[in-house]
**Q** 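Below is one structure. I have some questions about it.
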Amino acid sequence: MNIELFTRRSLQRCVLVAAVLFGASSPALAAQASANANANAPILVLNSLNADVSVIDPITFTEIKRVPVGKEPHHLYLTPDEKSVMVANAEGDSITFLDPKTAAVQRTMTGILDPYHLRFSPDMKWFVTAANRLNHVDIYRWERKGEEFKLHLVKRIPAGKTPSHIAIDSKSKIAYITLQDSHELTAIELETQKRLWTIKVGKTPADLYLTPDDKTLLIGLTGAAEVEAYDLSSGKAVLKTRIPTGKGAHAFRSQGDKRHVFVSNRTANTVSRIDWKTLKVVDTYRTPAGPDCMEMMADGKTLLVTTRWAGKLSVIDLEKKAVVKQIPVGKSPHGVWTLNHASRD
C-alpha cells in the first residue's frame, strides 16, 4: 500500500466530512474542502500521435491508464457547466467528452470538422473552433436543455492559412485567432460573425494570452524567439512591444496570480515567466525536448509541461526553478489539463 497516498486521501475525506457538518458556518472550511476534492482529479495528457489520453495520478505522478479518443487530439477545454472535458480530435473530426474527475468517456460528438483549437465564450453562448488543416473558423451556438446540450453551427468563416489558436474577450464579444502560416491575427465579432480586422504579425503566430482587463494581447511567435504584445484599448490591435523569450515561443498558461503568465519556447527548450503588467521576462526555466502546452496546478508552485519530442510530462517546481519529475506518456504529447488548476487570471 502507498502510505503517503492513503494518508493524504484520508485527510481529504475528513475535511470533506467537516465541511458537510459545519460548512454553513465556515465558508473557509467549505472552500478548503472543495480544493481538496479537486486535488484527487486526474491529470490528462493528450497523445496526438497515439489518438489517446494518458491519465496521470496527481498524488503518485504515474500514468494509471490510457483512454482512446479520436485521431490527433491536440487541445482540450472544460465545458461551462464543468461536467465534461472536451478533447478536440482534429483529424478525427470529433470531440470526446471525458469526466474531469475520473477521465471516463461520457460521449463522442462527430461531424465537428477539424477542431484543432477550441474555446467557449465566458457567457456560455458561443463555442469557437479553429480548423488548422482546413483553413476555416467555425462559430457554434451553445444550447442547453436540462442536463443535455447541443452545438449548432451558426457560421463557417474562411480564414487565412492554418488557423491556430483562439482567445475570447471577457465580454464574450470578440474572438481573436492567429493564422499561423499567413503570419496574421484576425478578430471576429461573435454576435454578427463578421471579421472586424486582420493584421500582419510576426512569424508563425501560435497561442494567445489576453490579459484579464482585455487591454493587452500576447502572441507567441513559434517562427521567432519572442512574444509580441498588442494594445487593444482602441478597438484595433496596435503593437506595443516585442518581448525576447526564446526560440519557438509557442503556448501560454497563466500563473493564476493576476500578474504573471508562462510561455513555452519549443526550440530553446525553456519556459519564460512574463510579468504582463511590465511586459518583461522575470524568470526562465530549462525544460527539455520541446516544451509545449502547460498547466499550472492549484498549489501555485507546480507547473506541468508536455515535452513534445520526448513523449513525457515534465513537472517544474517553481520554487526550485527546476524539472523535478518526468512521467513517460504517449507519442507527441500536446495538451495537458487538470481540474485541480490555478485561476486562469
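Note that this is a predicted model, so its numbers are computed, not measured.
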**Q** What residues, two or more places apart in sequence or in another chain, satisfy ring pair (Phe, Tyr, Trp, His ring centres under 6.0 Å) together with H75?
**A**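 Here the qualifying residues are Y116, H117, H165, H334.
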**Q** What class does the angle between the rings of F120 and W142 fall in, given that below 30° is parallel, 30 to 60° is tilted and above 60° is perpendicular?
**A**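 Because their plane-to-plane angle is over 60°, the rings of F120 and W142 count as perpendicular.
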**Q** Quick check: do L318 and Q255 have side-chain heavy atoms less than 4.5 Å from each other?
**A**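 They are in side-chain contact.
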**Q** Would you please name every residue forming a salt bridge (charged side-chain N to carboxylate O under 4.0 Å, His left out) with K83, sequence neighbours left out?
**A**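 For K83 the salt bridge (charged side-chain N to carboxylate O under 4.0 Å, His left out) partners, ignoring immediate neighbours, are E147.
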**Q** For D93, is there an ion pair with R133 - N to carboxylate O distance below 4.0 angstrom?
**A**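 Looking at D93 together with R133, the answer is yes, because their closest N to O distance falls below 4.0 Å.
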**Q** State whether the side chain of E184 and the backbone N or O of T198 hold a donor-acceptor pair below 3.5 Å, judged by distance alone.
**A**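 No, because the side chain of E184 does not come within donor-acceptor range (under 3.5 Å) of the backbone of T198.
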**Q** In chain order, what residues pass the side chain to side chain contact (heavy atoms under 4.5 Å, CB included) check against F97, with sequence neighbours excluded?
**A**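 For F97, the residues satisfying side chain to side chain contact (heavy atoms under 4.5 Å, CB included) (neighbours in sequence not counted) are T79, S84, M86, I95, Q106, R107, M109, F149.
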**Q** With sequence neighbours excluded, tell me which residues meet side chain to side chain donor-acceptor pair (under 3.5 Å) with S234.
**A**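 Side chain to side chain donor-acceptor pair (under 3.5 Å) check on S234 returns nothing, list empty.
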**Q** How close do V315 and I327 get, counting heavy atoms only, and between which atoms?
**A**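 The answer is CG2-CD1, 4.1 Å.
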**Q** Given a cutoff of under 4.5 Å between side-chain heavy atoms of I, L, V, M, F, W and Y, with clusters grown through shared members, what are the other residues clustered with W309?
**A**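 Same cluster as W309: nobody, lone residue.
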**Q** What pairs with E91 under salt bridge (charged side-chain N to carboxylate O under 4.0 Å, His left out), at least two apart in sequence or on another chain?
**A**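 Partners of E91 by the salt bridge (charged side-chain N to carboxylate O under 4.0 Å, His left out) criterion come out as none, since no residue qualifies.
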**Q** Are any of the side-chain nitrogens in D231 or K215 under 4.0 Å away from the carboxylate oxygens of its partner?
**A**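 Not counted as a salt bridge, because no side-chain N and carboxylate O are separated by less than 4.0 Å.
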**Q** Is it true that K301 and D317 have a side-chain N and a carboxylate O under 4.0 angstrom from each other?
**A**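 So K301 does not pair with D317 through a salt bridge.
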**Q** Should we say atom NZ of K247 is surrounded by more than 12 heavy atoms from elsewhere, each under 6.0 Å from it?
**A**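 12 or below, so no.
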**Q** Can you tell me how far OG of S121 sits from NZ of K173, rounded to the nearest 0.5 angstrom?
**A**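 K173 atom NZ to S121 atom OG measures 13.0 Å (nearest 0.5 Å).
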